[in-house]
Protein chains: 2
Amino acid sequence: MAAPAEKHDVFKAIADPTRREVLRLLSESERPISEIADHFDMSRTAVTKHLNILKEAELISGRKEGREKIYQLHPEPLTEVKQWLSYYERFWENKLSMLKHLVEDEK
Amino acid sequence: MAAPAEKHDVFKAIADPTRREVLRLLSESERPISEIADHFDMSRTAVTKHLNILKEAELISGRKEGREKIYQLHPEPLTEVKQWLSYYERFWENKLSMLKHLVEDEK
DNA sequence: TTGACACATAACCAAAAGGTGTTATATTCT
DNA sequence: AGAATATAACACCTTTTGGTTATGTGTCAA
């Protein structure tokens with residue numbers, strides 16, 4: 001049975017600065033956990049927890065390679081955030097929309 | 001000490017579904033607290049807490065009008081999220097070599 | 001095959017988040 | 001003035017989050 005798409009939703013996943021930094025690191029290149037942990041002032045176990053949350057949000061995935069586990073970025077779920085955000089873009093891109101949006105039937 | 005001891009960042013503010021729903025409600029029109037609370041299955045007190053978090057993130061503002069407090073959307077801080085996202089957009093829009101292996105299609 | 005390495009997992013803890021109800025204050029309407 | 005309404009402020013409870021240390025499992029290399 002397929003994993004539930006959003007056990008951890010993306011918004012929660014990116015809410016934490018540490019996790020955002022992890023995503024940035026992985027956007028540069030895939031890395032093993034130890035290399036990721038070196039960038040933070042916390043234990044490797046704590047980093048692993050963050051990685052698991054990101055993995056449940058399907059923002060990263062890990063493959064085993066020998067005794068290392070290499071994590072890599074999966075940016076697709078971020079489209080959900082982008083779509084959510086696009087609804088609000090009109091409010092700052094054209095100021096007049098504060099009146100306009102009243103006529104829209106959203107949802 | 002101009003900086004508030006606990007400035008809620010935007011990412012944290014939008015991480016909660018209830019708060020995102022509040023933003024959506026306020027995007028339709030400004031509303032008093034009681035009207036917002038009617039949309040949720042929780043106490044008005046709990047809603048007020050969410051409003052305060054949104055206010056600290058400067059996503060909403062409230063003005064007193066008689067005995068009511070009217071809350072209004074301020075979408076500007078969302079630009080921070082948009083900018084953060086734009087860094088990752090290229091990863092799914094331009095198919096950079098690093099992410100070649102990502103062949104998942106969208107729903 | 002023994003020992004060091006890389007990671008996972010479990011047990012535990014403190015603090016923050018998210019909820020409740022009650023009381024207090026300010027405003028409006030008779 | 002007094003009653004009703006809207007919100008703020010306060011105290012408290014429970015769950016989640018983010019971290020720790022300790023221990024276990026699989027892999028590589030001498």
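Every chain is numbered from 1, with letters handed out A, B, ... down the list of sequences.
Rounded to whole Å, atom P of D:dG18 lies 11 Å from atom CZ of A:R20. Spacing between atom CZ of A:R19 and atom C1' of D:dG18 amounts to 9 Å, rounded to whole angstrom units. Distance A:D16 CG to C:dA16 C1': 13 Å, rounded to the nearest Å. The nearest whole Å value for the distance from the CD atom in A:E21 to the P atom in D:dG18 is 16 Å. Counting to the nearest Å, the P atom of D:dT17 and the CZ atom of A:F11 are 16 Å from each other.
Using a 4.5 Å cut-off between side-chain heavy atoms of Ile, Leu, Val, Met, Phe, Trp and Tyr, with links allowed through other members, B:L78 and B:I53 fall into different hydrophobic clusters. Criterion: ILVMFWY side-chain heavy atoms under 4.5 Å apart, direct or through other members. Under it, A:L85 and A:V10 are part of a common hydrophobic cluster.
With B:Y87 as the aromatic partner, B:R90 meets the cation-pi criteria of under 6.0 angstrom to the ring centre and within 45 degrees of the ring axis. B:Y71 does not carry B:R31 over the face of its six-membered ring by the limits of under 6.0 Å from the centre and within 45° of the normal.
In terms of position on DNA chain D, the residue among A:M42 and B:K55 whose nearest nucleotide sits closer to the 5' end is B:K55. The residue among B:P32 and B:K12 whose nearest nucleotide of DNA chain D lies closer to the 5′ end is B:P32.
In the region residues 43-54 of chain B, proximity to DNA chain D at under 4.0 angstrom, judged on heavy atoms, holds for B:R44, B:T45, B:T48.
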Between protein and nucleotides 25-30 of chain D, what N or O pairs are separated by less than 3.5 Å?
none

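B:E30 is linked by a salt bridge (Lys or Arg N to Asp or Glu O under 4.0 Å) to B:R63, counting only residues two or more places apart in sequence or in another chain.
At the heavy-atom level, A:Y71 lies under 4.0 Å from the strands shown only through sugar-phosphate atoms.
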